[in-house]
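Letters A, B, ... are given to chains in the order of the sequence lines, protein chains preceding strands, and every chain is numbered from 1. All values derive from a computational prediction rather than experimental measurement.
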Number of protein chains: 8
Amino acid sequence: MNKPRVGIVMGSDSDLPAMEEAAKILKKMKIEYKISICSAHRSPQKAREYAQGAVGKGLEVIIAGAGGAAHLAGVIAAETAIPVIGVPLNTSSLNGLDALLSTVQMPGGVPVAAMAIGKTGARNAALFAAEILGIKYPEIRKRIEKHKKELARGVEEKDRELARKLKISPRKA
Amino acid sequence: MNKPRVGIVMGSDSDLPAMEEAAKILKKMKIEYKISICSAHRSPQKAREYAQGAVGKGLEVIIAGAGGAAHLAGVIAAETAIPVIGVPLNTSSLNGLDALLSTVQMPGGVPVAAMAIGKTGARNAALFAAEILGIKYPEIRKRIEKHKKELARGVEEKDRELARKLKISPRKA
Amino acid sequence: MNKPRVGIVMGSDSDLPAMEEAAKILKKMKIEYKISICSAHRSPQKAREYAQGAVGKGLEVIIAGAGGAAHLAGVIAAETAIPVIGVPLNTSSLNGLDALLSTVQMPGGVPVAAMAIGKTGARNAALFAAEILGIKYPEIRKRIEKHKKELARGVEEKDRELARKLKISPRKA
Amino acid sequence: MNKPRVGIVMGSDSDLPAMEEAAKILKKMKIEYKISICSAHRSPQKAREYAQGAVGKGLEVIIAGAGGAAHLAGVIAAETAIPVIGVPLNTSSLNGLDALLSTVQMPGGVPVAAMAIGKTGARNAALFAAEILGIKYPEIRKRIEKHKKELARGVEEKDRELARKLKISPRKA
Amino acid sequence: MNKPRVGIVMGSDSDLPAMEEAAKILKKMKIEYKISICSAHRSPQKAREYAQGAVGKGLEVIIAGAGGAAHLAGVIAAETAIPVIGVPLNTSSLNGLDALLSTVQMPGGVPVAAMAIGKTGARNAALFAAEILGIKYPEIRKRIEKHKKELARGVEEKDRELARKLKISPRKA
Amino acid sequence: MNKPRVGIVMGSDSDLPAMEEAAKILKKMKIEYKISICSAHRSPQKAREYAQGAVGKGLEVIIAGAGGAAHLAGVIAAETAIPVIGVPLNTSSLNGLDALLSTVQMPGGVPVAAMAIGKTGARNAALFAAEILGIKYPEIRKRIEKHKKELARGVEEKDRELARKLKISPRKA
Amino acid sequence: MNKPRVGIVMGSDSDLPAMEEAAKILKKMKIEYKISICSAHRSPQKAREYAQGAVGKGLEVIIAGAGGAAHLAGVIAAETAIPVIGVPLNTSSLNGLDALLSTVQMPGGVPVAAMAIGKTGARNAALFAAEILGIKYPEIRKRIEKHKKELARGVEEKDRELARKLKISPRKA
Amino acid sequence: MNKPRVGIVMGSDSDLPAMEEAAKILKKMKIEYKISICSAHRSPQKAREYAQGAVGKGLEVIIAGAGGAAHLAGVIAAETAIPVIGVPLNTSSLNGLDALLSTVQMPGGVPVAAMAIGKTGARNAALFAAEILGIKYPEIRKRIEKHKKELARGVEEKDRELARKLKISPRKA
């Protein structure tokens, strides 16, 4: 299992700090990925070839991050039959609202799965890619289930820590 | 292939006109589905049991539609490891912006894939579910590819029709 | 009067700086409280048990703070018959508008009392909890009345101070 | 138990269709109420006297509905120590967003509990008033608990009805 | 002067009622045009070929109208060096705000000239196309100048008409 | 007192239904006015001459109503030293938010007094004009004071009417 | 001319940095003013007395600045017949949009003249107060006219400065 | 080719850092330009003369940048028949949304071509001006075509760089 299954693509190298969050989660989930830069507007041919070649290269899910009039996810979704997850980035003065609406309000026929704006969305895009792969690869499903348990345990720990910090016994209420 | 693979769930029966659009697409894609009503707020236990029982019942993807403070998709995503697609519905005076933000701005760790607001989103949720299943079932992948070609052909036809209507030969420009 | 009457709950320990403001006001109002961390999405079972156990533990009001697609208050309100006050937190790029709409636009049947976004809302949540308790406990009602007089006096003092600073007699206009 | 415990107040008689929803719920909950018209801007003295006299008249909760620059709830909250619930109404071209922000963004020290925009909010305001009274009157608490069970049952019934309508057995998934 | 100089393109035939307004103005300005249907998402190849072939076919300006996540103008602008004017259409529940942001917030390097939302924008797109052509074709410049005078005259006439209607002499104030 | 003191100006005759509301109030306040049509964009010279000639013609206040990118009030305020009141009209798909921001967000140095969106704003513009004139003409001040009392009385009457309708004595609460 | 003619009032001393801008302009315009702190919510009686006493103390215009659910201007306008100018302040996470809507969307009958958000609005409030006073006091009118000429001259100077800086002769274009 | 063909105009010298971006691009495109300061509100006569004199001075396109209630582009478009490109600047607390709507929502008859908010928009305004000039001057068309190729190459390089940085061969996916 060495070939990338998930393609992470972004419109500009300035989007890397946000989109790296997706890479970290995929690494943790032991899912091979490949990060690329590819702009829907500045390099349309590259974007098209990326999307058209995705299945051939073994990609099963694509995560696309872009800001402003964020068309990248939509442009890729137009040219491939595999699931495309869009991460709206907060790169303009409008706090990512422009990127969110440009990503989520896709016309009937060509879906993009929109995540939250920014790093949180990038992280969740990777988890959602894992959930998608989980329907086919039982070992990935198991890792997600484990991850969900860790999340719950993490909250428990934070809660106990807080109780300690506040010198209030966690049994009190 | 008789057991439902996709669960369509909505907060209220008044959401049916929108969510039926998802059902129609799944039917067209020959994907078995089951529609349920289940409110995150009014019937939390039912929502929980729905989510926790999904994998056991053979569901592979869940589509959840809700309006206003649309928590249904998030509440279900919290309790299952299969992909959850959220459809924000336009049921309050805020044009679905409330439902969109409540659906898409999920915290890190628990992704929901947000679609466009309303019927368009319901249709795309079904197509996205098909794309997800397509990574596992080659026959579904083929149907999506066919669907994408039909979309392009449909545009071609509309364009020719318009040209006829405008009495302008399509070869003109 | 030693058992906590108000439960303060938040989705993450990063919400503590805002939610501590609620604790400070409750302390000032001599109302026992208990702070917990509990995520609607990452630890749904804990959130449910928290809500279902609230009455049994003697809680009379719950204050829930969360950001983004802020579902915590709604999820708790779904499982308890005591008043739930929601504090939308400003933790995403959308300035808390997402948290506000996710908190306030609850469907008919399951109310959440929304406060202002952020620390101001946390403070007011505590005061509102006190006002609720004030309908049952006359001594708390008295403290609120005193607090309201202090607020008015505080404004008077600030006004006089400003007049001094501006070297204008407060009697002038 | 004949004296009104809940005061419903609105800025104009054109707000009655929305605010009557609150009255219906209170009636169902067997809670005495009194509806009044009283504008923060057009009849400020009446608003003030209403708020200042509320406790004396035995009111324990006030529900105030207003649209546009909705100041009524805030103006009343400034003059009373009992809980004030604000219902933002959709009476201007801005879909109630103006009323929502004018109601919810109260400054520190003077809380108003904001509900959803419009009729849904009016209904929930009555339920929230019942929840508040429920901390003092066990019979009201019981009615809320019953109401919550009815909500869940209602969802169950709608779900079964839908299953029948779709000619799909509810046991299927 | 028979070959179309302006291409009007829209994502769907349901956009025709709005985009016909552009055609009417171009006709009035005696500028040859060609209307086409071509979706960035459903027929990406057609959109690309349209854009790449525009110069070769003699087009000098392109007007692209689309709603929702309106990518059409941007996708075309990515593939041609002639000016692209975008008309955001009001086809989703968000009043065209989504289409506006998707059209106007283009990344550096690939401009789209955004017009007002809807029919007004379609009309102005045609006028703006005329202004662009006016820098090359003096007869078109003259028609715009005439059009501007007509606009001013139209206002004068409306003002006089109103004065008559109100039985107030226009010389009064 | 026959010469108009207030100029009502609007961008288009389609704005008349809203702006007539201002005229009605002025008539009631016995303030002479003159209504004109004058577009900042389509008839800039007329707008300029209107503003520059206002003082000479005896106007003391100008009320300007416009929708969309509502520049009329600002353009007039730039050319006169008398107070200009702007009424944002709801003529585009954005519910008047565009007109509101275009009217109210004036740069430092050139104020416009913005009123509420639409008819309500037109009515209040007339009242505000009366308040301005009231600082100079005691008889107008008196009419405003009377008007304010009528408003309060009107609320009282509506309240009594409602009480009758609800068969609840107004003395009850 | 020693008695204050303009009252500047704000909800909190933290609003002073913005509202001082109004004071500076009034000083420049040689208009006597008085600054006060007075909260609609925390000191309602003081706000009421301020408004009711304004005319008696010789005030002719009131400028009220507040943030969040900015009710101060409206509360004052409800109790006085002199013009009230509202300055929405940017004190919450919503960038002043809440304060703007709470200030501008006043109900029919009780106008408030809204200015731009923040310091710019405070400056313009003072200028607008001067324009109002200018209809009564010719010397103030003259100062405004002079101020407008200075504004124009200021722009000319900045333009020449820029030309020098860019080493481009101002006669070039 | 020495006379400026593009006029860059802005409301204030504080807009220079954003609008200089337009100048840089024009320089790169070897298009002569002239930068001016000229406010629609503070120096209306200068703005008018600028617009009316533009054609006479040989200008073929005007780029106007302004923030807040950004009227500059509209005011200039009202007085000239050459294309006017508007750049909404982010100078108020509303993130440029006010400037965007004030620029783009022009009424029918007087178009302004709106660009993205801020520096990105300024850059694109210059490129769009070049595209407009490109329909008349083949050498400018060629430079745009070259620029588009450079953009694509730039993306390619960034992509390879990233691949190197990530120590992943660009041939991998």
Side-chain angles (χ1 to χ4, degrees), chain D residues 10-15 37-52 64-81 84 86 88-114 117, chain G residues 10-15 37-52 64-81 84 86 88-114 117:
Chain D
M10 67 201 82
S12 154
D13 59 338
S14 62
D15 300 335
I37 295 172
C38 175
S39 163
H41 297 118
R42 282 170 295 145
S43 61
Q45 194 185 338
K46 188 178 169 66
R48 185 162 59 246
E49 286 169 7
Y50 181 92
Q52 291 173 344
H71 299 189
L72 185 57
V75 157
I76 287 174
E79 305 262 17
T80 184
V84 177
L89 298 177
N90 180 7
T91 60
S92 76
S93 70
L94 294 180
N95 302 321
L97 185 67
D98 44 1
L100 171 56
L101 298 182
S102 300
T103 300
V104 80
Q105 287 289 77
M106 288 290 288
V110 187
V112 162
I117 297 165
Chain G
M10 68 200 82
S12 154
D13 59 338
S14 62
D15 300 335
I37 295 172
C38 175
S39 162
H41 296 119
R42 283 171 293 146
S43 61
Q45 194 185 336
K46 188 178 170 68
R48 186 162 57 247
E49 288 169 6
Y50 181 93
Q52 291 173 344
H71 299 188
L72 185 58
V75 158
I76 288 174
E79 305 263 16
T80 185
V84 177
L89 299 177
N90 180 8
T91 61
S92 77
S93 70
L94 293 180
N95 302 322
L97 184 68
D98 43 2
L100 171 56
L101 298 182
S102 300
T103 300
V104 80
Q105 287 290 78
M106 288 291 288
V110 187
V112 163
I117 297 166

Holding to side-chain contact (heavy atoms from CB on, under 4.5 Å), I want the full list of residues that pass it with G:A40, two or more places apart in sequence or in another chain. G:H71, G:L72, G:V75

Listed by chain and number, what are the side-chain contact (heavy atoms from CB on, under 4.5 Å) partners of G:S39, not counting sequence neighbours? C:V155, G:H41, G:R42, G:S43

Under 4.5 Å from any heavy atom of chain G - which part of D:A70: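 Only the backbone of D:A70 comes within 4.5 Å of chain G.
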
Straight-line distance of D:Q45 CD to G:R48 CZ, nearest 0.5 Å: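 Answer for the CD-CZ pair, D:Q45 versus G:R48, is 9.0 Å.
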
Rounded to the nearest 0.5 Å, what separation is found between the CG atom of D:L100 and the CG atom of G:D98? 10.0 Å

I'd like to verify something: which residue of D:G108, D:G74, D:G68 has the highest number of heavy-atom pairs under 4.5 Å with chain G? D:G74

Among D:G109, D:P107, D:A99, which residue has the highest count of heavy-atom pairs closer than 4.5 Å to chain G? D:P107

Closest non-hydrogen atom pair, [X] against [Y]:
{"X": "G:A78", "Y": "D:P44", "value": "O-CG, 3.6 Å"}
{"X": "G:S102", "Y": "D:A69", "value": "O-CB, 3.2 Å"}
{"X": "D:L101", "Y": "G:L94", "value": "CD2-CD1, 3.7 Å"}

I'd like to know whether CD of D:Q52 has more than 12 heavy-atom contacts from other residues, nucleotides or ligands below 6.0 angstrom. yes

Side chain, backbone, both or neither: which part of G:A66 has an atom under 4.5 Å from a heavy atom of chain D? neither

